[in-house]
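Note sheet for the following structure.
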2 protein chains.
Amino acid sequence: MKNQKRTTIYDIAKKLNLNASSVSRALSNNSNVSEATRKLILDTAKELNYKQNSLASNLRKGHNQTIGVIVPRINQNYFADVIAGIEEVTYQKGYNLVICQSNESSSREVKCVDTLINQHVSCIVISLSADFEDDKHLQTIREHGIPLIQFDRVAEHLDTFKVLNDNEQASIDAVTHLIEQGYKRIALLEGPQNLNIFRQRKAGYLAALEKHNFPILPELIKENAWTKELGAASTKELLSLPEPPDAIFASTSDFSALGVLEVATKMGLKVPEELGICGYSNEAFTEITSPSITTIDQYSVSMGKTIANLYFQEIESSDKDNTPKIVSIKPKLIIRSSTLKNNPEDLTTD
Amino acid sequence: MKNQKRTTIYDIAKKLNLNASSVSRALSNNSNVSEATRKLILDTAKELNYKQNSLASNLRKGHNQTIGVIVPRINQNYFADVIAGIEEVTYQKGYNLVICQSNESSSREVKCVDTLINQHVSCIVISLSADFEDDKHLQTIREHGIPLIQFDRVAEHLDTFKVLNDNEQASIDAVTHLIEQGYKRIALLEGPQNLNIFRQRKAGYLAALEKHNFPILPELIKENAWTKELGAASTKELLSLPEPPDAIFASTSDFSALGVLEVATKMGLKVPEELGICGYSNEAFTEITSPSITTIDQYSVSMGKTIANLYFQEIESSDKDNTPKIVSIKPKLIIRSSTLKNNPEDLTTD
DNA sequence: TTAATTTAAGCAATCGATTGCAATAAAAAT
DNA sequence: ATTTTTATTGCAATCGATTGCTTAAATTAA
């Protein structure tokens, strides 16, 4: 079973007393084959159960209709959605996707990059792992002439194609909303600051406070409250302060926000009256919790499509060594019950 | 940028006045190269920024360390988890994953199969699209000598490797649990019956009723209530019956169960006292709803690992044309508030 | 009928790495 | 000192498809 020989164009050629080149031309449907022999070739190809060997074809043609994607985790909603979006577009173009997960580890990320370079993929799409520090592997990609598109978690200083969310603006929107709802002491749960997205979200938080002349209180800013558990732990600390916050912006994720909600509920705090909660990502569950959680939608599927389109429109089509574009997608604040201190009726319905 | 030439083993050979074969041997780290020249070769390889061309290597070696995966949707929790599980194992073995989504369309599924055959993948892993009818494309895979592993949604009569959940048993467990809780009229939301998994779940429902001498009431069985919306619609119909059910088993998915919950809540029915609800899949949100939803965990990540291990242990390692194994994983009933009519305190805590 | 043009098919090199076999050099055994 | 063995390295074919170039055949023009 394993070592069964597969039919090649030579088998077809031999059977028809033709040359392999004619078979190749007939199958590639291009040029210079008479209709009669083309039909003959197509028929025997079907009869012999012929399937092209893409390895050989790609080797000869010097390229691979394949795009490599590296994400921290495949089974995280956001990334799964982005991948689905990419796949949607690439499929139309007859391209394939090779998907790797770095598991949030940069050493593994480096290995993924290596594999993809070896595979001669046409393009590499990447979102960095949490422990990102060194961009040497990204440089290597470029040294090998492979187009590189970074998204979401990017190495900012590196001059490549990028598809981003405007995290700072989203963050400003969220905090401004909290302020407008009358919250006075707004805490921030922040993510690893080596990642651009978390730096930007923090910047947005600070900018919004500043604009409204709110003081910046270091004790209300909690580092590295990434997961539900860490979010819960930080919330306990925050709520046991002498002057606890009356709102928490979990800028890291909705999971973190969920941790906040659970702790608050357990401590008998009323949400949103006594504590406002805002998450990030618009995970499906934020709509379902009680109260439902205000959050930020990142348009993940459409980000994926944007990435793929960027490749096909800007990179693949032009032979020029064109300057990398940066596309920024404005996320949208989804206002739900967990932050409607003033007018709980005022829900956005869509 | 695009057409930049990459260093090959010939470049290295030329620079060192050696033959390409020696370079190949040195790099593959195997045999018959003196330590001195090996070091020399390794050094210049690094210096010239050499990366192997897997296309050429795989073409020559006649195989591709790649496993193709076809799923209905990449960004559906269950499938994303399975893929993550597969990836976890294959990564360890140095294999790559090519992932395709059929988008629940069998015509697209056929095209995915074609691409993967062309790519000479070492194995194809598939879960069928919802409109599955014809298994010709699966036969084609076998005709080309490519090992095939089906999982979850499978063509049962086809003799291939399979990794399954015991859907029937899970279903029996769920319905039995409902009966034990004192529910008397248990409705079923069923999925497309062309898919084995939904047939099995229905069979389990029927078996459990029969065992407890419950009558089977056709008006309590709703076809094709797959999504949240369809689940909601079916629920409305069920609850407006002269004798409405006092429990609904949404065997299709947790999303469907969510639709049930929302309709029940809206109609002022108390869950679990007046209506019991059980879902399927253990989606993250089922833990969060109020009340939390009883459901069935499919061990998706570990299913993925099982699939990959099956390949490495049973297929790749043995040269024999061995008989396909079927691995069945017993899912677990997760009992939560939505079905605890008798003793709401009696929650399983883990 | 002959020359010019178009069309169809074959030849052979190529993509880059691998590998069985042959050849040479070095080391060990006699 | 000579033969045998072993360790290195080179040669050349191979994997399967593609493609520029050449040749042969068929069609059209003169």
Side-chain angles (χ1 to χ4, degrees), chain A residues 2-42 44-45 48-65 115 117-122 144-145, chain B residues 2-42 44-45 48-65 115 117-122 144-145:
Chain A
K2 256 180 85 189
N3 289 321
Q4 175 186 320
K5 265 281 211 159
R6 291 188 15 183
T7 21
T8 70
I9 51 171
Y10 295 98
D11 299 324
I12 300 175
K14 196 185 290 173
K15 176 147 191 193
L16 295 176
N17 256 339
L18 284 170
N19 190 279
S21 55
S22 299
V23 177
S24 171
R25 283 191 259 259
L27 290 169
S28 70
N29 209 30
N30 283 344
S31 49
N32 310 338
V33 197
S34 75
E35 266 316 307
T37 56
R38 153 165 296 136
K39 186 164 174 356
L40 218 55
I41 288 171
L42 259 46
T44 46
L48 295 181
N49 214 0
Y50 171 80
K51 298 267 174 185
Q52 192 201 47
N53 185 332
S54 319
L55 293 175
S57 170
N58 290 331
L59 172 61
R60 175 62 229 252
K61 292 202 280 198
H63 68 267
N64 200 339
Q65 304 229 81
T115 325
I117 294 179
N118 288 357
Q119 299 233 332
H120 277 228
V121 293
S122 305
H144 283 87
Chain B
K2 256 180 85 188
N3 289 322
Q4 175 186 319
K5 266 280 213 162
R6 284 172 42 167
T7 27
T8 70
I9 52 170
Y10 295 98
D11 300 324
I12 299 175
K14 196 185 289 174
K15 178 148 191 193
L16 295 177
N17 254 340
L18 284 169
N19 190 279
S21 56
S22 298
V23 178
S24 171
R25 283 191 262 260
L27 291 169
S28 70
N29 209 33
N30 284 344
S31 49
N32 311 338
V33 197
S34 75
E35 266 316 308
T37 56
R38 153 165 297 136
K39 187 165 173 354
L40 217 56
I41 288 170
L42 260 45
T44 45
L48 295 181
N49 213 1
Y50 171 80
K51 297 267 173 186
Q52 192 201 46
N53 185 332
S54 322
L55 293 175
S57 170
N58 290 331
L59 172 61
R60 176 59 231 251
K61 293 202 279 197
H63 68 266
N64 199 338
Q65 305 229 74
T115 325
I117 293 179
N118 288 358
Q119 298 232 332
H120 278 226
V121 293
S122 305
H144 283 87

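Sequence lines set the chain letters: A, B, ... in the order given, protein chains first and strands last, and positions in each chain run from 1.
- Contact check, A:Thr37 against C:dA9: a side-chain N or O comes under 4.0 Å of OP1 or OP2.
- A close approach under 4.0 Å does not occur between any side-chain nitrogen or oxygen of A:Ser57 and OP1 or OP2 of D:dG16.
- Side chain of B:His120 to backbone of B:Leu59: no donor-acceptor contact under 3.5 angstrom is found.
- Between the CZ atom of B:Arg38 and the C1' atom of D:dA7 there is a distance of 13 Å, rounded to whole Å.
- Rounded to an integer number of Å, the gap from NE2 of B:His120 to P of C:dA17 is 20 Å.
- Summarising the geometry, the separation between CG on B:Leu40 and P on D:dT8 is reported as 15 Å, rounded to the nearest angstrom.
- Atoms CG (B:Leu27) and C1' (C:dA17) sit 10 Å apart, rounded to a whole Å.
- Rounded to a whole Å, the CG atom of B:Asn58 is 13 Å from the P atom of D:dG16.
- A donor-acceptor contact shorter than 3.5 Å is absent between the side chain of B:Ser24 and the backbone of B:Ala20.
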Each nucleotide of nucleotides 10-15 of chain C classed B (base within 4.0 Å of a protein heavy atom), S (only sugar-phosphate) or -, in 5' to 3' order, makes BB-BBB

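- Looking only at distances, no side-chain donor or acceptor of B:Asn53 sits under 3.5 Å from a matching main-chain atom of B:Thr8.
- A donor-acceptor contact shorter than 3.5 Å links the side chain of B:Ser54 to the backbone of A:Asn118.
- Inter-residue side-chain proximity for A:Val23 and A:Tyr10 is flagged as unmet; no heavy-atom pair is nearer than 4.5 Å.
- For the pair A:Arg6/B:Ile117, a side-chain contact is recorded, criterion being any heavy-atom separation below 4.5 Å from C-beta on.
- If B:Glu35 and A:Leu55 are placed on DNA chain D by their nearest nucleotide, the residue sitting closer to the 5' end is B:Glu35.
- Separating the NZ atom of A:Lys51 from the P atom of D:dG16 is a distance of 17 Å, rounded to the nearest angstrom.
- Between B:Leu48 atom CG and C:dG16 atom P there is a gap of 14 Å when expressed in whole angstrom units.
- Across the protein-nucleic acid pair, B:Lys14 atom NZ and C:dG16 atom C1' stand 14 Å apart, rounded to whole Å.
- The salt bridge (Lys or Arg N to Asp or Glu O under 4.0 Å) test applied to B:Lys61 returns no partner, not counting sequence neighbours.
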